[in-house]
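The structure under discussion is supplied below as structure tokens; questions concerning it will follow.
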Amino acid sequence: MVSILKKPSSLIHEICIEKVDRWKLFKFSESLQHRMELLLEKKKADRLMAEEAAELDAIGELDRIFTHINAMMVGGSDVNH
């Protein structure tokens, strides 16, 4: 049985910190990045199952959080929306 991931916190073990230029930024592990790309391809092909849609939603939420935090860390100008 496939477990349904509903919370971004369920993916905490897939978080990495990577040095990019002079900054240390939050990133997905290679396996989570690959999984997200696979799920996006399945979604485009309209082959995404309900469990996978929930997983993709959790990954997407975590991606939005990381994007916001990383932008704040590097001094992005449009992060307070």
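Being a predicted model, the structure only gives us computed values, none of them experimental. Positions are given from 1 along the sequence.
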Interatomic spacing from CG in Leu32 to CD in Glu37 - rounded to 0.5 Å:
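Interatomic distance, Leu32 CG to Glu37 CD, rounded to 0.5 Å: 10.0 Å.
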
Shortest non-hydrogen separation from Ser31 to Glu14 and the atoms involved:
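So the minimum-distance heavy-atom pair works out to OG-OE1, 3.0 Å.
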
How long is the straight-line distance from CD1 of Ile12 back to CD1 of Ile15, given to the nearest 0.5 Å?
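Output value for this atom pair is 4.5 Å.
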
For the CE atom of Met72 and the OG1 atom of Thr67, what is their distance to the nearest 0.5 Å?
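These two atoms lie 12.5 Å from each other.
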
Which atom of Cys16 lies closest to which atom of Ser29, heavy atoms considered
SG-CA, 3.6 Å

Atom pair CD1 (Ile59) and CD (Gln33), whose distance is rounded to the nearest 0.5 Å:
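Answer for the CD1-CD pair, Ile59 versus Gln33, is 9.0 Å.
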
Output for pair (Glu61 CD, Ile65 CD1), nearest 0.5 Å, gives 4.5 Å

Could you give the distance from CD (Glu52) to CG (Leu40), rounded to the nearest 0.5 Å?
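Output value for this atom pair is 11.5 Å.
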
Which atom pairs, one a donor and one an acceptor, fall under 3.5 Å between side chains of residues 18-28 and the rest of the protein, sequence neighbours left out?
none

Non-hydrogen atoms of Asp57 and Arg64 that approach each other most closely:
O-NH2, 4.3 Å

